[in-house]
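Structure, as structure tokens:
On a predicted model such as this, the values are computed, not experimentally measured, just so you know. A note on names: the letters A, B, ... follow the listed sequences, proteins ahead of strands, and every chain is numbered from 1.
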Amino acid sequence: MRRNNMSYDDEIKIDGLDEIDAQNTPVDELETEDVNLFFLGIDESSSMTPYQASMIKQLDAFKRAIVNSKEAPKILLARANFSDKVDIGGYKKIDEMDTSYRVINMTILYDTIIAGTDALLRYMDYLKQQGVRVKAVFAIFSDGADTASMHTCHVAKDYIDKLNAKEIVTAFVSFGQDGMREANDLGFKNVLEVGRTDSELRRAFNTLSKSAISNSKSVVSKTADFFEQ
Amino acid sequence: MIYFIFFSDKKKRFTMFISKMGSYHAEYGINNQDAGFSIELPNGCPDRISVILDGCSDGEKSEIGAGMFARIFENKLKRADAMIFDNIVNIASDVFATVKNLLVPDDDPVMLEKYMLFTIMILAEYKAAWHIAICGDGCIIYECNKGVEIFPVNVTASNTPNYLAYRYIPALFNTNPFIAFTKYYYLKKYYDSIGIGSDGVLAIAGNDNENIFKDLILNRNEPGIKRFINKLNYENRERGGFFKDDVTLAI
């Protein structure tokens with residue numbers, strides 16, 4: 001299926017899935033037996049252009065908040081950027097997080113969810129087989145609806161349902177109102193709506209970092225009450 | 001009196017203390033019944049003391065007695081002056097009596113069985129040697145130029161450990177009012193390190209993965225050991241796990 005004359009084989013590049021240990025943090029480099037995986041999908045569509053500088057600042061603040069917490073050794077983060085294409089990085093230690101931000105065009109949200117879920121579940125299974133105890137959070141930051149995915153909302157919702165069934169925290173930060181309907185249609189259990197201002201952007205990532213740290217401390221994943229405000 | 005002090009020229013390794021709940025305990029909702037601690041003493045005599053308590057699963061609440069013993073014993077040792085090993089063992093006996101009097105003041109045999117059935121293992125590192133005292137059963141971990149070896153200790157013919165609690169429970173079989181600690185002594189010139197472990201460690205003996213476990217101990221890879229235990233339990237989950245009993249070690 002083609003949309004807008006684009007080839008999806010070219011658009012969707014997924015890094016680090018074939019060789020799990022090579023692309024993610026090797027088990028021998030883990031400092032603990034417990035690991036909290038944090039998938040963060042970040043919208044880089046053109047509607048985010050007015051907030052590009054602010055996003056860089058807030059991503060850096062998000063990273064610093066977690067790096068400075070006691071939970072840092074346990075948290076591995078995979079950053080996924082989605083716009084005209086999906087680009088998913090491996091699960092790395094939080095101090096290796098890339099905080100750059102650029103704006104492109106479209107919003108391939110559903111494809112990101114599908115590819116990100118596959119990558120997360122594959123790495124989780126691998127870690128468990130290596131004796132690592134794993135919890136996970138699957139988070140999306142977006143300001144609007146999907147515009148160019150190959151897959152439908154219904155298929156993406158099945159993937160979110162799978163994550164929910166496995167007691168993986170699903171969290172959606174809606175930057176403005178447009179993302180809210182997507183979050184609810186997709187079945188995210190935790191949804192945070194913030195206004196479309198710089199200060200609200202700061203509140204969004206501040207809440208996200210506090211929630212990530214709090215969830216990491218908790219023995220049981222906060223599947224229904226993730227956002228800590 | 002003349003004292004001879006020998007200093008080891010071997011590199012001082014950091015001490016690792018690990019305690020993991022057994023897969024049987026996890027499955028049946030039983031607490032980790034092992035307890036213990038490993039501390040450096042401010043007066044340096046001994047340099048370090050490690051203690052492991054291994055609660056008997058027949059003792060329904062043995063983790064309570066074991067935990068109280070660990071806490072009280074640790075506090076006493078931290079406040080004590082320099083001690084020879086026999087003094088440390090005497091303090092341990094006194095602490096056991098203290099815990100018994102707190103939990104079972106009337107010496108009710110049923111309650112003694114419930115709270116006070118636990119192995120006591122004490123490892124003290126002095127300048128020239130390691131001293132170990134055990135009342136119950138467990139294992140001793142040797143590290144020398146041949147690598148790491150793990151040996152069971154004090155396993156009785158009936159496979160029932162000689163718990164210190166049996167001093168106070170006259171009605172039980174195996175009762176021995178003269179139950180005492182068995183002591184061991186290892187010169188530093190022959191060993192790189194000595195450690196102690198609860199008998200749950202012995203599940204790895206003779207297994208294909210035994211050398212991997214020993215290498216992890218040799219490298220003091222604490223998260224690696226924990227992952228190793230988790231991994232074997234996960235791989236054997238259909239059989240209820242691999243390390244079914246609680247695993248605690250200090251080396």
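- Within 6.0 Å of the NZ atom in B:Lys61, the count of heavy atoms belonging to other residues, nucleotides or ligands does not exceed 12.
- Residue-environment remark: CZ (A:Arg102) stays at or below the threshold of 12 foreign heavy atoms within 6.0 Å.
- Minimum interatomic distance between B:Tyr234 and A:Lys128 (heavy atoms only, all atoms of both residues): CD2-O, 3.9 Å.
- In the displayed structure, B:Lys214 atom NZ is contacted under 6.0 Å by more than 12 heavy atoms of other residues, nucleotides or ligands.
- B:Asn230 approaches A:Arg133 most closely through the heavy-atom pair ND2-CG, 3.8 Å.
- Contacts with chain B (heavy atom to heavy atom, under 4.5 Å) involve these residues of residues 28-40 of chain A, listed by number: A:Asp28, A:Leu30, A:Glu31, A:Thr32, A:Glu33.
- Applying a 4.5 Å heavy-atom cutoff, none of the residues of residues 155-172 of chain A approach chain B.
- Heavy atoms from other residues, nucleotides or ligands lying under 6.0 Å from NZ of B:Lys76 number 12 at most.
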